[in-house]
Amino acid sequence: MRLWRVVQNEWMKLVRRRRLAVVVALALCLVGMFALGEHHERQIYSRVPTQAEVSADWRASAQANLRAAEAQLRLLKDSSANSAGAAQTLAELQQNVQEDRYRLARDVAPLSPNLLDGWSETSQFVGVATKTFIPLLVVILVGDMVAGEMTQGTIKLLVVRPVRRRTLLLGKWLVSAASAAALSFLLCFAFLGVALAIDGPQGAMQPEWLNIHVRFFTQPGALQATPVAVYNHAVVWPMWQAFLLQSALVAGAMVAVASIAFTCSVLFPSAMVSTSAAMGSIIIGFVVSAMARGQSWVRMLFTTHLSLYGDLAGGTSFTIGSPVTLAQGVAVLLAWTAVLLAASFLRFGRQDILNA
Amino acid sequence: MNVEHEGSVHVLQLFDVSKRIGGREIVRQLNMSVRAGEVYGFLGPNGAGKTTTIRMIVGLIRPTRGAIRVCGHDVERDPVNAKRHLGAIVENPEMYGYLTGRQNLLHYARLAGVDHIEARIERVAKRVGLEDRIDEKVKRYSLGMRQRLGVAQALIADPKLLVLDEPTNGLDPAGIREFRELVRALAAEGLAVFVSSHLLSEVEQMCDRVAVLQQGRVIAEASVAELRARAGSLLLRVSRWDEAASWLRARGFDVEGKDGRLVVARLDDARVASLLRDLVAAGFDVYEAARTGGLEQSFLALTGAESGGDTR
Ligand SMILES: Nc1ncnc2c1ncn2[C@@H]1O[C@H](COP(=O)(O)OP(=O)(O)O)[C@@H](O)[C@H]1O
Ligand SMILES: [Mg+2]
């Protein structure tokens with residue numbers, strides 16, 4: 001009951017602060033940038049000479065391909081893939097089989113090669129944005145949730161109310177998490193809307209591979225292990241469904257980012273310092289996880305898993321040079337969130353509010 | 001000990017409250033109690049520890065030792081019940097400038113668990129004289145209006161105890177008078193008011209009882225009426241003033257005369273009455289008689305030479 005009232009209050013303050021307007025303006029800039037990029041790419045595509053259209057009887061060729069690939073797979077079955085090359089061959093065959101089966105079962109023709117696919121363009125852009133721009137927007141939005149009230153001195157008239165400090169803090173966190181999730185989810189769909197408006201609606205049913213594992217092969221003479229995507233447990237989803245999942249995962253990862261920013265806002269009493277600290281930790285984490293490629297501890301950084309969809313679709317494993325799964329990514333983000341939130345509740349619960 | 005019973009008499013109680021910050025004892029062994037309907041002044045120079053004490057009362061900081069009870073509920077162990085009866089202004093009442101006055105009050109009313117919030121907001125806004133401007137953004141309020149809104153938020157939950165930290169800072173004389181009248185009216189309705197100040201005159205005009213804080217210790221506590229009656233000077237304008245002066249001196253009064261005015265020092269109520277009676281009986285005409293500096297002098301007597309200074 002009290003918690004609900006705290007949430008109502010925090011929501012009222014969040015939507016009326018100037019910070020929200022700044023975040024929305026920045027988000028619109030971002031959407032505009034993406035739109036410009038798409039428009040540019042479309043113009044390039046339109047200059048490329050028209051390639052052969054997809055033939056009407058794509059089913060026949062798909063069936064032929066499928067039969068050939070299945071036969072080859074049966075031959076390979078006995079020899080285990082213990083080199084990068086063999087694993088690569090096996091993976092390509094498996095991928096072909098899965099694609100053709102998907103297309104034939106759902107009657108999904110391949111896209112014409114000189115058409116841009118707005119769905120996959122958006123999916124790729126969101127994969128990058130969720131590690132870079134979107135966390136920064138989230139930090140700007142909630143990075144002074146508590147520190148702002150400390151700086152302004154309004155925390156005093158909040159703490160003198162008949163509400164426990166932990167209830168106040170929980171309400172504030174709930175609003176931060178919900179607004180971060182809502183912001184990122186809506187932003188994903190703003191990107192999609194722009195891309196579909198520019199490129200056209202085709203591509204919603206195209207196949208998208210999920211649950212791809214990545215194996216690393218160390219070869220004599222090679223400095224780095226060679227990553228190979230393994231399709232043994234892969235599932236194929238229509239693009240629109242995968243995009244929904246991706247947006248939800250972005251929202252989830254942004255809840256973790258919001259929690260980090262929130263903790264900074266509890267630990268640092270100045271709004272400026274707390275926002276900068278949160279932003280700094282995300283940028284530094286991002287740089288570290290890019291530089292320490294191949295080290296297994298990189299998996300433990302939260303910045304590694306900001307694109308949870310990449311954990312699921314194999315992209316993250318390639319980026320960091322060691323295998324990760326979605327479950328690991330979620331566990332890492334949850335662990336960071338839990339530890340940091342525990343620290344903020346401990347701190348805020350017993351802190352002397354002297355300087356506000 | 002029956003806590004509930006005690007709580008009904010004493011709205012605010014401090015037991016041996018001390019606060020140490022960074023190895024320095026800011027506040028030492030405070031023992032105070034405030035009854036319902038009483039305005040309790042907390043007088044001390046800047047840096048004496050008034051704000052620190054008030055922060056402990058409202059639960060912003062914890063006492064290093066000792067306990068504080070509001071309506072019988074311990075502020076540390078049972079903060080929700082203790083603060084249910086509490087309204088406060090700590091230093092400046094900072095509010096959300098990007099919200100309107102009404103939204104600010106709505107915000108605090110929700111946290112205080114007020115029923116019929118709309119009606120309550122109307123009532124407190126009217127009470128502090130802010131009803132016309134309540135829908136404007138607080139960042140456009142003047143200092144005086146902010147102070148009023150500060151009082152309004154303190155009253156929002158219909159508290160039994162009002163804790164005010166130097167509430168008249170920054171108000172003009174008219175504002176101060178208005179504020180004083182509001183505090184007296186609230187006390188008449190049965191509220192207990194705990195108000196800090198560094199001005200003796202303010203405490204004298206507003207409070208029933210006063211505690212004097214000096215370097216973190218309460219060095220004196222007394223009722224204001226008692227202090228006022230205890231000692232002071234009498235200012236007189238009489239006929240034949242030089243003659244009257246020697247007449248009074250002959251009777252052992254401490255008199256100074258200048259330009260037709262006499263100042264008789266160190267008198268309590270009884271001696272003032274007898275002096276006036278005798279003066280008239282001796283055939284002098286009394287045009288004017290006024291008591292001055294009563295509180296101040298009793299104060300100096302009470303607190304010894306170390307006080308004074310800033311507390312005047
Ligand atoms: N955050 C703090 N850290 C250390 N000492 C402080 C702090 N705040 C106030 N003090 C000290 O506590 C003493 C009392 O301050 P305060 O309660 O604000 O006095 P008052 O309100 O009576 O002017 C002062 O000497 C001040 O220096
Ligand atoms: Mg003070």
Side-chain angles (χ1 to χ4, degrees), chain A residues 1-24 141 144-172 174-175 269-271 346-356, chain B residues 19-22 26 51-52 54-64 70 73 75-76 78-100 103-114 117 137-139 149-150 153-154 156-157 159 163 165:
Chain A
M1 194 57 216
R2 302 255 153 168
L3 179 62
W4 173 239
R5 292 177 164 197
V6 175
V7 167
Q8 277 181 304
N9 276 346
E10 294 306 323
W11 186 256
M12 172 172 83
K13 288 186 275 184
L14 185 89
V15 298
R16 286 187 161 77
R17 280 187 331 163
R18 203 184 295 120
R19 279 198 175 223
L20 182 70
V22 170
V23 166
V24 169
L141 187 64
D144 70 339
M145 223 39 200
V146 177
E149 302 230 21
M150 290 279 187
T151 312
Q152 297 283 308
T154 50
I155 192 80
K156 285 183 302 191
L157 293 184
L158 210 60
V159 171
V160 302
R161 307 292 152 184
V163 178
R164 290 191 174 272
R165 286 195 188 185
R166 57 168 181 260
T167 313
L168 284 176
L169 201 64
L170 182 60
K172 274 183 172 294
L174 284 175
V175 169
S270 134
L346 271 179
R347 164 91 174 142
F348 190 71
R350 47 185 50 221
Q351 174 182 26
D352 272 356
I353 300 174
L354 271 169
N355 296 318
Chain B
K19 179 68 186 180
R20 177 184 283 276
I21 301 174
I26 308 279
T51 301
T52 306
I54 284 178
R55 280 179 194 263
M56 287 192 281
I57 294 173
V58 301
L60 284 167
I61 63 181
R62 303 151 172 255
T64 312
V70 177
H73 302 286
V75 170
E76 254 185 290
D78 188 7
V80 172
N81 281 320
K83 292 177 187 173
R84 187 163 286 148
H85 307 289
L86 178 73
I89 299 180
V90 183
E91 294 192 314
N92 306 316
E94 286 96 354
M95 307 261 186
Y96 304 100
Y98 52 88
L99 299 180
T100 65
Q103 285 162 344
N104 269 285
L105 292 180
L106 169 66
H107 175 272
Y108 297 124
R110 278 180 186 152
L111 294 178
V114 173
I117 290 181
K137 288 229 164 109
V138 168
K139 64 180 165 210
L149 190 61
Q153 64 77 27
I156 195 80
V163 177
D165 188 12

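The structure presented is a predicted model; accordingly, all values stated were derived computationally and were not measured. Computation of the quantities below employed the complete heavy-atom set of this structure, encompassing side-chain atoms and omitting hydrogens, waters and symmetry-equivalent molecules.
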A:Arg17 and A:Leu141 have their tightest heavy-atom pair at NH2-O, 3.0 Å
In short, B:Ala109 meets B:Ile117 closest at the heavy-atom pair CB-CG2, 3.9 Å
Can you say whether [X] sits under 4.5 Å from chain A via the side chain, the backbone, both, or neither, judging by heavy atoms?
{"X": "B:Asn92", "value": "backbone"}
{"X": "B:Ile156", "value": "side chain"}
{"X": "B:Lys137", "value": "neither"}
{"X": "B:Leu99", "value": "side chain"}
{"X": "B:Arg55", "value": "side chain"}

Is a side-chain donor or acceptor of [X] paired with a backbone partner of [Y] at a separation under 3.5 angstrom?
{"X": "B:Asp165", "Y": "B:Glu91", "answer": "yes"}
{"X": "A:Lys13", "Y": "A:Met145", "answer": "no"}
{"X": "B:Lys19", "Y": "B:Thr52", "answer": "no"}
{"X": "A:Arg161", "Y": "A:Leu157", "answer": "yes"}

Given A:Arg18, A:Glu10, A:Gln8, the one with more heavy-atom pairs under 4.5 angstrom with chain B than any other is A:Gln8
Counting heavy-atom pairs under 4.5 angstrom with chain B, the leader among A:Val6, A:Asn9, A:Leu354 is A:Asn9
Using non-hydrogen atoms only, which part of [X] is less than 4.5 Å away from chain B: side chain, backbone, both, or neither?
{"X": "A:Gln351", "answer": "backbone"}
{"X": "A:Arg16", "answer": "both"}
{"X": "A:Arg165", "answer": "side chain"}

Review point. Relative to each other, are the rings of B:His85 and B:His73 parallel, tilted or perpendicular (30° and 60° limits)?
Key: parallel
Note: vs chain A, highest number of non-hydrogen pairs under 4.5 angstrom among B:Val58, B:Val80, B:Leu111 is B:Leu111
ask   = Going by atom types alone, do A:Glu149 and B:Tyr96 pair a side-chain donor with an acceptor below 3.5 Å?
value = yes
